Amino acid sequence: MATSLDINLLPAARYAGRDYPELLSLHAAEPPRRTARGREADRLILYLAVAGNAPLPPGKQDQVLADLSKLFFETPGSVTAAMRRVAEELNRLLLDRNLHLTSSSRQGIGLLTQAVLRGSQLYLAVSGPVNLFLVAADQIQHFYDPEMADHGLGQGRSTPIHFFQAGLQPNDTLIMAAQPAPGWSTETLTGLHGQGPESLRRR
């Protein structure tokens, strides 16, 4: 029988000592009553940041993530195939929007993180220069693709995406950051494992 883990989400957007909750766009979903074949045991988390001078309005961004979540659960096949379809759809939406904004010299670049938990197996997909840190009892893993440094969604017809995979155990922490703090590293994040939610938030 597959291990079932509870997920606690702690959104945080902080700059110069001030919180900016309006900058966050996070969506989590469990399988709906009807799903495509292969999606029945998947739990999905989407985290989207839009860089550039044409961000999506907060309400619009939330609706886009809800639509992408629906698309994920409607896509049969492997986890990576469903994640790729989500990234491709968001790339299409942002590219069409950016093309319409060309005359005003405005552009919004999507930085998307997808996390899918199936039992204790964690599947990750990043589009853009996103940093992920998995804090486990025995090690801290840093997931980052340097080739994504100048690539986000909405810049061209091809969809940048990179996949990672890891095991997840109770009390592990996954940090997803479109713009991590300068001092974050596998060394400076040591000691986070097993801390409660409020202690993690303060840290």
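From a predicted model like this one, the values you see are computed outputs, not experimental measurements.
Of the options Leu132, Leu192, Leu10, a side chain to side chain contact (heavy atoms under 4.5 Å, CB included) to Ile175 is made by Leu192 and by none of the others. With Leu48 as reference, Leu65 is the one residue of Leu68, Thr113, Leu65 to meet the side chain to side chain contact (heavy atoms under 4.5 Å, CB included) rule.
We find the CG-CG distance between Leu111 and Leu153 to be 7.5 Å, quoted to the nearest 0.5 Å. Residue Ser78 holds its OG atom at 9.0 Å from CZ of Arg84, rounded to the nearest 0.5 Å. Here the straight-line distance linking atom CG of Leu44 with atom CG of Leu46 works out to 4.0 Å at 0.5 Å rounding. Leu174 contributes atom CG, which lies 8.0 Å from atom CZ of Phe143 (distance to the nearest 0.5 angstrom). In this structure, CZ on Arg106 lies 5.0 Å from OG on Ser104, to the nearest 0.5 angstrom. With rounding to the nearest 0.5 angstrom, the CD1 atom of Ile109 is 9.0 Å from the CG atom of Asn53.
Under a hydrophobic-cluster definition in which Ile, Leu, Val, Met, Phe, Trp and Tyr are linked whenever side-chain heavy atoms come within less than 4.5 Å, directly or via other members, Tyr144 and Trp184 are assigned to different clusters. Cluster membership check: Leu101 does not share its hydrophobic cluster with Leu99, using side-chain heavy-atom separations under 4.5 Å among Ile, Leu, Val, Met, Phe, Trp and Tyr. Under the 4.5 Å side-chain heavy-atom criterion for ILVMFWY residues, no single connected hydrophobic cluster contains both Val50 and Met148.
The backbone N or O of Ala54 lies less than 3.5 Å from a partner atom in the side chain of Arg97, making a donor-acceptor pair. A donor-acceptor pair is defined here as one N or O able to donate and one able to accept, closer than 3.5 Å; no such pair exists between the side chain of Glu89 and the backbone of Ala87. Proximity of a side-chain donor or acceptor of Gln114 to a complementary backbone N or O of Met83 within less than 3.5 Å is detected. Using a distance-only test at 3.5 Å, with no hydrogens or angles considered, no donor-acceptor pair links the side chain of Thr35 to the main chain of Pro32. Side chain of Gln121 to main chain of Leu117: no donor-acceptor pair is present (N/O by atom type, distance under 3.5 Å, no hydrogens or angles).
In terms of heavy-atom proximity, Asp96 sits nearest to His100 at O-ND1, 2.8 Å. When all heavy atoms of Thr75 and Ala36 are compared, the closest pair comes out as C-CB, 3.6 Å. Closest of all the heavy-atom pairs between Glu40 and Arg37 is OE2-CA, 3.6 Å. Nearest approach of His27 to Ala29, heavy atoms of both residues: NE2-CB, 3.9 Å. Closest heavy-atom contact between Leu5 and Ser120: CD1-CA, 4.3 Å.
Within 6.0 Å of CG in Asp138 there are more than 12 heavy atoms belonging to other residues, nucleotides or ligands.
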Please tabulate, for the side chains in residues 154-170, all donor-acceptor contacts under 3.5 angstrom to protein atoms that are two or more places apart in sequence or on a different chain.
{"unit_1": "Gln155", "atom_1": "OE1", "unit_2": "Gly152", "atom_2": "N", "d": "2.6"}
{"unit_1": "His162", "atom_1": "ND1", "unit_2": "Asp145", "atom_2": "OD2", "d": "3.0"}

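Between Pro31 and Phe73 there is a side-chain heavy-atom pair separated by less than 4.5 Å. Using a 4.5 Å cut-off on side-chain heavy atoms (C-beta onward), Thr186 and Gln141 make no contact. Gln139 places none of its side-chain heavy atoms less than 4.5 Å from the side chain of Leu134. For the pair Phe72/Val116, a side-chain contact is recorded, criterion being any heavy-atom separation below 4.5 Å from C-beta on. A 4.5 Å side-chain heavy-atom check between Val126 and Leu112 finds every atom pair outside the cut-off.
Looking at Arg39 and Asp42, a side-chain N of the basic residue comes within less than 4.0 Å of a carboxylate O on the acidic one, giving a salt bridge.
Asn171 and His193 share no side-chain donor-acceptor pair at under 3.5 Å.
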For this session: Determine, step by step, whether Asp172 and Val135 satisfy the side chain to side chain contact (heavy atoms under 4.5 Å, CB included) criterion, reporting the C-alpha distance in whole Å, the side-chain angles of both residues, the deciding distance to 0.1 Å, and the verdict.
Result: CA-CA 6 Å; Asp172 286 355; Val135 182; over 6 Å; no
Exercise. Where do Leu71 and Asp67 land on the side chain to side chain contact (heavy atoms under 4.5 Å, CB included) test, with the steps shown first?
Worked result: CA-CA 6 Å; Leu71 179 66; Asp67 292 343; over 6 Å; no
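Remark: His142 engages Asn131 in a side-chain hydrogen bond (donor to acceptor under 3.5 Å, both in side chains) (not counting sequence neighbours).
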